[in-house]
Amino acid sequence: MRAMIVGVHPLAGFDKLLHYRVPDAMQAALGVGSLVRVPIVNTMKLGIVGEIGAPTDFPLDRLKLVAQLVYPFPALPPDLLGLARWMARYYACGLDSIIETMIPAAVRRGAGLKQEKLLAIAQKLSPEELAAMEKRAPQQAKLYRFLEQQFRPQAKGLVLARLGQTAAVAAALVKRGVVREETRRIERVAYADDHAHGELVAAQPHLLNEEQQVAVDAMGRTLGAGKFGVTLLHGITGSGKTEVYLRAIATALEGGGGVVFLVPEVALTPQTVARLRSRLEAIAHGTRCVVWHSHLSEGERLDGWLALATGEARVVVGARSAIFAPVQQLRLIVVDEEHEPAYKQDETPRYHGRDVAVMRAKLAGAVCLLGSATPSLESFTNAESGKYALLQLTQRVDARKLPYIDVVDLRIEAAKQRTLPSLSGKLVRAMQDRLERREQTILFINRRGYSSSMLCTKCGHVEECAHCSIALTYHRTDETLRCHLCAAQRAAPLRCPQCGAPEIRWRGLGTQRVEEAVRRVLPRARIERMDADTMSKKNRFREVLSQFRAGKIDVLVGTQMIGKGLDFPNVTLVGLIDADISMHIPDFRANERTFQLLVQVAGRAGRGDRAGEVIVQTFTPQAEAIQFSRHADYAGFAASELKMRRDFHYPPYRHLIHHLFRGPNPEKLKFFAEQWAKLVEKTLGDRVELRGPAPSPIEKIKDEYRWQLWYFTHTVTKVVPELARLRAEFAWPDDITQVLDVDPVNLA
Ligand code: ADP
Ligand code: ZN
């Protein structure tokens with residue numbers, strides 16, 4: 001046989017391709033993507049076969065042998081290996097860190113296949129044969145009779161223990177061909193507990209309405225074409241998008257394909273996942289649907305991964321990282337709530353799950369279906385330009401009206417109450433009314449922003465950067481207002497530049513203060529607060545949600561994490577305490593986020609047979625994000641917002657890259673950030689526009705100072721590899737760390 005030589009990416013914390021010879025006996029089963037054990041210096045390490053072929057710069061006779069092939073199937077199917085290479089270039093990170101993200105830790109440590117042996121009847125005995133066996137070998141007959149009564153194969157160890165027999169008894173029956181022994185992988189199933197005592201969910205599909213049918217038919221044709229394509233499903237809240245996803249999934253599975261179903265957050269919404277899963281398993285004719293998210297135990301993750309890699313399971317549902325599940329013959333990727341920032345990972349590798357989904361679909365020749373009631377402007381423009389197909393659901397399934405959005409002007413409220421109010425009179429009355437009718441209320445506080453912008457509580461004026469159209473940030477240390485994009489700065493005003501009032505500093509409220517305020521006005525109500533502080537345990541979160549569902553809580557106060565994909569029929573009032581927090585964060589996406597938040601929140605109210613009401617409190621009621629959201633006018637909002645984006649050359653018209661520098665010495669940090677910026681300007685100035693460097697919004701974290709630099713560009717795929725090359729050659733001092741973030745979703 002000819003010598004087979006492979007290039008291996010070691011999973012050993014460095015980014016290199018090493019070459020090995022493959023022993024003859026291993027050659028048939030080994031291929032690109034195989035997980036192997038190879039000698040490196042004096043130890044054995046795991047690695048992924050990246051290519052087949054000889055190195056150009058190394059004498060072949062000195063190559064070592066591959067020591068072991070861990071699984072008889074590829075650990076990274078070819079589309080995933082291609083995806084890893086694309087990600088390494090696009091996001092400027094090491095291939096090793098991506099492979100590490102793609103393959104579960106247990107696999108990376110070379111965990112074997114855990115198997116158990118089963119016994120089943122292979123051939124029925126006639127009554128005479130059985131009678132003969134009773135006499136000659138009573139133990140064997142006993143085992144035979146036991147197995148004959150079982151519907152399915154039984155675990156060998158358990159059966160033998162129960163009958164008090166030795167393995168020799170089973171072996172004798174196997175030898176005669178009466179019993180067969182088979183091996184099966186042992187699996188742990190995530191959320192098995194929810195299945196057991198959770199709500200029983202109907203696996204019955206709905207009859208499609210006309211719009212859904214049109215969408216389903218279109219997806220059928222797209223899938224039938226058998227090639228890459230992206231479809232954006234824009235359907236208002238409650239229009240039944242999930243049903244369209246499920247039909248498309250059924251089509252893909254029936255055609256023998258595999259499916260990835262991404263949702264923004266799995267751990268927080270077990271009931272949604274349980275429901276999906278039971279439907280998916282019904283569609284997939286009983287084959288397993290793997291659930292995949294970051295809270296799985298190692299064993300659970302390994303089992304799910306193996307089931308997919310071996311082709312035993314063909315559907316996976318999960319959060320962001322499920323996009324790397326080793327689904328075979330991938331045919332369809334569904335990304336639900338594609339606009340969600342949660343799809344972006346905020347640590348290395350800083351990838352965007354939706355964008356990676358589109359790329360994986362491309363590499364696998366599969367179809368990607370993106371769905372949302374409020375599509376990201378990136379996806380929307382791709383649909384407008386014809387790059388993506390567009391499907392629309394404009395009606396709610398049962399023709400229920402969208403809830404009424406009532407905007408309370410806090411400027412007037414502040415004048416009336418003579419203090420800064422957390423709860424307006426209108427909101428209080430609405431809550432009292434709900435309490436009397438035994439209906440429920442959710443109060444949202446969007447606490448993600450920190451209110452260091454300047455907002456006048458008299459007139460609603462917000463100080464913005466003239467060049468960047470984002471809110472300026474107030475820096476307490478030197479009483480300045482600064483722009484985080486272009487570094488413009490000036491002294492902070494003492495009075496509002498528009499109306500002259502001195503009330504120009506408004507700090508947003510926390511969940512705790514709102515909870516206290518609710519207790520004062522509704523002393524008899526059962527109130528629960530839900531935020532990162534009170535919900536440090538994942539079970540606590542589920543507990544509160546199930547109490548709320550059971551009607552044991554009247555008012556739920558929380559950050560927007562309670563809004564995600566939850567469906568509470570008895571909630572007829574939703575209050576957004578402070579819309580300004582999300583609207584005036586220093587981020588050009590602030591309007592988009594606020595619009596999304598309002599529309600999504602409104603979609604949660606009154607999902608049962610009762611109409612819902614949404615009350616939005618704000619100092620800036622005239623803001624477009626608020627006005628367009630009142631009628632869920634996505635098209636209107638998109639048109640006006642895209643005009644601003646085009647005027648300022650923001651995404652989706654250009655890509656944005658963030659570069660963060662961290663270090664203990666502020667002068668040194670500034671110096672190197674500036675030197676670096678000069679170098680980039682000189683080398684790539686024709687392809688990127690730089691803004692900064694400037695101190696980060698949070699200038700110092702844990703004794704480390706932070707500076708940042710922004711690049712705007714049309715061509716990420718050309719610019720990022722260049723930046724990565726320059727960065728590798730630049731003489732960074734040891735105490736400065738820096739991080740590149742391509743297509744960041746949060747600027748604030
Ligand atoms: P969204 O578009 O907001 O994701 P969902 O898919 O969650 O909407 O559907 C909203 C509700 O309508 C769900 O309870 C779903 O079971 C139900 N539903 C979906 N399609 C139909 C239909 N054709 N007929 C009746 N009910 C439906
Ligand atoms: Zn600016």
Side-chain angles (χ1 to χ4, degrees), residues 199 201-224 229-255 259 261 263 269 271-273 275-284 317 332-339 367-375 379-380 383 388-405 565-572 596 599-612 614 629 631-636 638:
E199 357 164 16
V201 276
Q204 285 301 320
H206 292 285
L207 278 179
L208 299 179
N209 65 27
E210 227 168 278
E211 282 188 330
Q212 285 174 317
Q213 189 66 55
V214 169
V216 167
D217 291 346
M219 281 310 292
R221 286 191 297 276
T222 306
L223 285 163
V230 185
T231 299
L232 174 63
L233 176 63
H234 177 201
I236 63 169
T237 54
S239 60
K241 292 185 285 297
T242 312
E243 204 54 46
V244 176
Y245 303 149
L246 289 169
R247 301 297 176 105
I249 290 171
T251 306
L253 290 172
E254 277 155 19
V259 175
F261 190 143
V263 292
T269 53
Q271 79 278 20
T272 312
V273 171
R275 197 155 52 201
L276 269 179
R277 179 163 175 203
S278 73
R279 273 295 298 279
L280 289 172
E281 293 191 338
I283 290 171
V317 53
L332 174 66
I333 305 175
V334 176
V335 184
D336 189 21
E337 311 284 2
E338 66 87 29
H339 66 278
V367 171
C368 189
L369 175 57
L370 310 175
S372 174
T374 52
S379 298
F380 180 72
Y388 295 176
L390 179 66
L391 296 172
Q392 284 179 298
L393 302 178
T394 59
Q395 306 291 322
R396 302 189 108 191
V397 281
D398 48 4
R400 269 168 308 161
K401 285 215 175 72
L402 279 167
Y404 182 65
I405 298 189
L566 303 178
D567 198 347
F568 302 108
N570 198 37
V571 173
T572 56
Q596 287 164 347
V599 171
Q600 298 283 350
V601 160
R604 304 282 159 237
R607 275 207 156 190
D609 44 8
R610 272 156 289 204
V614 177
S629 74
H631 309 287
D633 181 3
Y634 180 82

Any donor and acceptor pair, going by atom type alone, linking the side chain of [X] with main-chain N or O of [Y] inside 3.5 Å?
| X | Y | result |
| --- | --- | --- |
| Tyr634 | Pro375 | yes |
| Gln212 | Gly240 | yes |
| His234 | Ala373 | yes |

Any side-chain heavy atom of [X] within less than 4.5 Å of one from [Y]?
| X | Y | result |
| --- | --- | --- |
| Ile236 | Gln392 | no |
| Glu337 | His339 | yes |
| Asp217 | Gln213 | yes |

How far apart are the closest heavy atoms of [X] and [Y], and which atoms are they?
| X | Y | value |
| --- | --- | --- |
| Ser629 | Ile405 | O-CD1, 3.3 Å |
| Ala218 | Leu391 | CB-CD2, 3.6 Å |
| Ala638 | Phe380 | CB-CE2, 3.7 Å |
| Ala632 | Val599 | CA-CG2, 4.3 Å |
| Gln600 | Thr374 | NE2-OG1, 3.1 Å |
| Val244 | Ala215 | CG1-CB, 4.0 Å |

Straight-line distance of [X] [atom1] to [Y] [atom2], nearest 0.5 Å:
| X | Y | atom1 | atom2 | result |
| --- | --- | --- | --- | --- |
| Leu223 | Leu332 | CG | CG | 5.5 Å |
| Met219 | Leu369 | CE | CG | 4.5 Å |
| Leu246 | Thr251 | CG | OG1 | 10.5 Å |
| Asp336 | Tyr245 | CG | OH | 3.5 Å |
| Leu233 | Ser372 | CG | OG | 9.0 Å |

request  = Not counting sequence neighbours, which residues clear side-chain hydrogen bond (donor to acceptor under 3.5 Å, both in side chains) with Tyr388? List them please.
outcome  =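 Once residues adjacent in sequence are excluded, the partners of Tyr388 under the side-chain hydrogen bond (donor to acceptor under 3.5 Å, both in side chains) criterion are Asn382.
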ask   = Which residue pairs satisfy the salt bridge (charged side-chain N to carboxylate O under 4.0 Å, His left out) criterion with at least one member in residues 246-255, sequence neighbours excluded?
value =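 For residues 246-255: Glu243-Arg247.
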